[in-house]
There are 2 protein chains.
Amino acid sequence: MAKESFNTYSYLLDRTNRRIKQFAQKRFKEESFDITVDQWLVLKSLNQENDQNQSELAEQIGKDNPTLTRIIDLLCKKELVERRQLPSDRRCFTLHLTDEGKQKMEEWAPKVAEIRMKAWENLTEKDYEDLKRILNTIYQSLEI
Amino acid sequence: MAKESFNTYSYLLDRTNRRIKQFAQKRFKEESFDITVDQWLVLKSLNQENDQNQSELAEQIGKDNPTLTRIIDLLCKKELVERRQLPSDRRCFTLHLTDEGKQKMEEWAPKVAEIRMKAWENLTEKDYEDLKRILNTIYQSLEI
DNA sequence: TAACAATAATTAGTACAACAAATATATGAG
DNA sequence: CTCATATATTTGTTGTACTAATTATTGTTA
């Protein structure tokens, strides 16, 4: 294949990724979910596993610490998440959904699952598997 | 498949996309290419086809106009690109590589092609085809 | 114990993404 | 011609990404 073509794949990937976010964000707005897609990712992770500190959570969702700090700041301001000082290591906070956060998660989760599913509706089971494998192969080829 | 899994695919796609950009950016820096990956995309398009106005170019590279305006601003500041007023329609600019821009393109293009290729080196021809098909299917499922 | 390295989180600075709204100009219908 | 509409671009705002620097704390070791 011509070298030039590889630019095209990067472009397709970028474009598709953007549209997935864009679509979800638009639907979030329509449903009056007052969060971004990335904020959703954080809430979802905290809902599955409380007591994570920021570094663990950052690793979990694949974002860096400064980015996560800001997402957490925003979620705290919305009173969906709270930081708790860890007495055993005063450098750390553990992160927790507030009661309101838990309630919103119950309310939002089924609808979000539906919205997120939309992207994949015209793919076969084999397509999912192939996509997963291909993306992971790329990811590992670029180990930093 | 459980609905919850679909979140995972979005996550994989986002993560891989980020790493592709991240990798290219890091290599750009090592090679002292003083541009971002998105700026590269613009230069590349202009190198192939001069005389585009901003709206055409935005469409071409799949970014919206405000985003492109700012990328062009930066490239103009670096004196790689210039805006030329179109006498026949004074709302438009056509965009052109400067001499320095053309020179840099010649210098950078082969190396950039190599860098971009790195992501795909462990995939087969069939993988490329599958990936392209799958990404386009997703893109079209989310027509906005 | 004092000095040094490592870690958790934050902050600052720059850039891009997405969206809405504003501005300037052009075009078409009447 | 004039008004409404459309088009090209810019501006403002919020959020995310990456780098580098900073603060506070903990761990290590001479």
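Proteins come first, then strands; the chains are lettered A, B, ... in the order of their sequence lines, and each starts at number 1. Scope of the values below: all heavy atoms of this structure, side chains included, with no hydrogens, waters or symmetry mates.
Boundaries of the chain B contact region on DNA chain D are D/dA6 to D/dA20, first to last in 5' to 3' order (nucleotide atom under 4.0 Å from a heavy atom). Bracketed by its first and final contacts, the part of DNA chain C lying under 4.0 Å from non-hydrogen atoms of chain B reaches from C/dA15 to C/dA26 in 5' to 3' order.
Toward the 5' end of DNA chain C, the nearer of the two residues B/Leu86 and A/Lys29, judged by each one's closest nucleotide, is A/Lys29. Taking for each of A/Gln54 and A/Gln25 the nucleotide of DNA chain C with the nearest heavy atom, the 5'-most of the two is the partner of A/Gln54. Residues B/Phe93 and A/Arg90 each lie close to DNA chain D; by heavy-atom proximity, the contact nearer the 5' end of the strand is made by B/Phe93. Residue-to-nucleotide proximity on DNA chain D shows that, of B/Asp14 and A/Ser88, the 5′-proximal contact is made by B/Asp14.
The environment of CD in A/Glu59 is sparse: at most 12 heavy-atom neighbours from other residues, nucleotides or ligands sit within 6.0 Å. Within 6.0 Å of the CD atom in B/Glu30, the count of heavy atoms belonging to other residues, nucleotides or ligands exceeds 12.
Residues passing the side chain to side chain donor-acceptor pair (under 3.5 Å) test with A/Asp127 are A/Thr124, B/Arg133, sequence neighbours excluded. Partners of A/Arg90 by side chain to side chain contact (heavy atoms under 4.5 Å, CB included), not counting sequence neighbours, listed by chain and number: A/Gln85.
Across all strands, B/Asp38 comes closer than 4.0 Å only to sugar-phosphate atoms, never to a base (heavy-atom distances). Among the heavy atoms of the strands, none lies under 4.0 Å from B/Gln85. Using a 4.0 Å heavy-atom criterion, one finds that B/Asn65 contacts the bases of the nucleic acid, with or without backbone contacts as well.
Ring orientation note: the planes of A/Trp120 and B/Tyr9 are tilted relative to one another, at an angle of 30° to 60°. Taking the six-membered ring for Trp and thresholds of 30 and 60 degrees, A/Trp40 and A/Phe28 have ring planes more than 60 degrees apart, a perpendicular arrangement.
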**Q.** Check against side chain to side chain donor-acceptor pair (under 3.5 Å), B/Gln54 and B/Thr69
**A.** CA-CA 7 Å; B/Gln54 290 191 196; B/Thr69 291; 3.3 Å; yes

Q) Would A/Asp51 and A/His96 count as a side-chain contact (heavy atoms from CB on, under 4.5 Å) if you check the C-alpha gap in whole Å, the side-chain angles of each, and the deciding distance to 0.1 Å? A) CA-CA 6 Å; A/Asp51 262 341; A/His96 302 264; 2.9 Å; yes

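Residues from residues 66-78 of chain B with heavy atoms under 4.0 angstrom of DNA chain D, sorted by number: B/Pro66, B/Thr69, B/Arg70.
Residue pairs that meet the salt bridge (Lys or Arg N to Asp or Glu O under 4.0 Å) test with at least one member in residues 80-89 of chain B, sequence neighbours left out, are B/Asp73-B/Arg83, B/Glu82-B/Arg84, B/Asp89-B/Arg91.
Considering every non-hydrogen atom in both A/Leu41 and B/Tyr11, the closest pair reads CD2-CD1, 4.4 Å.
Looking only at atom types and distance, the side chain of A/Ser45 has a donor-acceptor partner in the side chain of A/Gln52 under 3.5 Å away.
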